[in-house]
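A short worksheet on the structure shown next.
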Amino acid sequence: MATPFFKKKDAAADKQPRPGVVQKIQLAEDPPEEKVNNETGESLSSLISTGKAQLDKKSLDLIFAVEQMIQARTHAETTNHELQDRLTHTSGHVERLNKDLKNLNKVIEEREKSILELEHKLVERNLKVDQVMEDHREMYGTLSSEMDELKSTIELERQKYANLVQKHNDAISEKLKKMNELEEKIGRLETENAHVKQKYETIRQEKAYLSSMINDFATRMTVPFGGNTPSGDITDGNGNT
């Protein structure tokens, strides 16, 4: 009668796949460099499977344990190869990342160098700006004083101009007043001149009339006493013959 241990082993053996099938599956999954080990294990498994029918229970359990160890070793080798592939891939990735890191470091160094140059230029520009601001303040102070002087001069000149304008207006007013007076005087003189001319004309006409009367009278007075006098020698009052 088998012990519980052997019953558990038997149940486990019944649940496990046959060694030949397991070896064929692992042979299909293993890489080419493991073909020799897999073929050796498959030959051993086939020999063991052939002699199982002639072995007792303990031997079968031992064979099962060996098969389990072979399967575990095969699985471990497969896992090891997978891990090595992953390690190789990871190493390549790490190498690429290191190259990228070096490139990034170079870029960062170049950027830092550019930043330092920009900071230096910024400092120089700030110094120039400060100098320009100082010059601007000095120029503004100078211009302010000059503007104050100019304002004072302009105010003085404005007052002088206002006085000149006032004097000019007064002179024009005085001139207009004199011109009005002269025009009035000229008008009076013209009126007086017209009166004088009229009086002169009247006197001249009276004088001519008197001269004519005197000449007529003298002619009349001389005719009886001077009958031989030619008539053509007799003159009128205006001196005409």
Side-chain angles (χ1 to χ4, degrees), residues 100 103-241:
D100 294 338
N103 294 328
L104 289 175
N105 289 329
K106 290 181 180 179
V107 173
I108 290 170
E109 289 177 358
E110 292 177 356
R111 293 291 177 85
E112 289 178 350
K113 185 178 180 181
S114 300
I115 290 170
L116 291 175
E117 292 177 355
L118 290 174
E119 288 178 351
H120 182 67
K121 291 180 181 179
L122 182 61
V123 170
E124 291 179 352
R125 184 167 294 181
N126 288 332
L127 292 174
K128 291 181 181 179
V129 170
D130 293 337
Q131 184 64 37
V132 171
M133 291 297 293
E134 184 66 25
D135 296 338
H136 176 72
R137 284 192 291 269
E138 292 178 357
M139 184 177 65
Y140 182 77
T142 304
L143 290 176
S144 297
S145 60
E146 291 179 357
M147 287 177 65
D148 293 336
E149 292 177 359
L150 288 174
K151 285 180 180 179
S152 301
T153 304
I154 290 171
E155 183 64 23
L156 181 62
E157 295 296 329
R158 190 185 66 79
Q159 292 177 359
K160 290 180 180 179
Y161 177 76
N163 293 330
L164 289 174
V165 170
Q166 184 65 34
K167 290 180 181 180
H168 177 70
N169 292 331
D170 294 339
I172 290 176
S173 299
E174 187 67 22
K175 184 178 180 180
L176 291 174
K177 184 178 179 182
K178 289 181 179 180
M179 288 178 65
N180 292 329
E181 291 176 355
L182 289 173
E183 287 177 356
E184 291 177 358
K185 187 175 181 180
I186 290 170
R188 288 195 304 270
L189 290 174
E190 287 178 352
T191 303
E192 291 177 359
N193 189 21
H195 291 164
V196 170
K197 284 182 179 181
Q198 186 177 3
K199 187 181 291 187
Y200 172 77
E201 185 68 23
T202 302
I203 293 171
R204 189 184 65 78
Q205 290 177 0
E206 290 177 356
K207 182 179 178 182
Y209 179 72
L210 289 174
S211 297
S212 177
M213 288 181 66
I214 291 170
N215 289 330
D216 290 340
F217 180 75
T219 301
R220 290 175 184 175
M221 289 298 293
T222 58
V223 167
F225 300 100
N228 295 325
T229 302
S231 60
D233 295 333
I234 297 173
T235 60
D236 57 8
N238 293 327
N240 299 320
T241 58

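This is a predicted model, so every value here is computed, not measured. Just so you know, these numbers use all the heavy atoms, side chains as well, and skip hydrogens, waters and symmetry mates.
Interatomic distance, CD of E174 versus CE of M179, reported as 12.5 Å (0.5 Å rounding). Distance CG/L150 to CG/L143: 10.0 Å, rounded to 0.5 Å. Atom CD1 of I186 is separated from atom OG1 of T191 by 11.5 Å, given to the nearest 0.5 angstrom. Between L164 atom CG and E157 atom CD the span is 9.5 Å, to the nearest 0.5 Å.
At distances below 3.5 Å, at least one donor-acceptor pair connects side-chain atoms of N180 with backbone N or O atoms of L176.
Sorted by first and then second residue, the side-chain hydrogen bond (donor to acceptor under 3.5 Å, both in side chains) pairs involving residues 136-154 (not counting sequence neighbours) are E134-R137.
Screening K207, M213, Q205 for a side chain to side chain contact (heavy atoms under 4.5 Å, CB included) involving Y209 leaves a single residue, M213.
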Candidate pair L116 and H120, rule side chain to side chain contact (heavy atoms under 4.5 Å, CB included), full reasoning = CA-CA 6 Å; L116 291 175; H120 182 67; over 6 Å; no

Salt bridge (Lys or Arg N to Asp or Glu O under 4.0 Å) between E155 and R158, worked out | CA-CA 5 Å; E155 183 64 23; R158 190 185 66 79; 2.6 Å; yes

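Looking at K197 and N193, their side chains come closer than 4.5 Å, going by heavy atoms from C-beta outward. Between K199 and H195 the shortest side-chain heavy-atom distance does not fall below 4.5 Å.
Between the side chains of Q131 and D135, a donor-acceptor pair is found at a separation under 3.5 Å.
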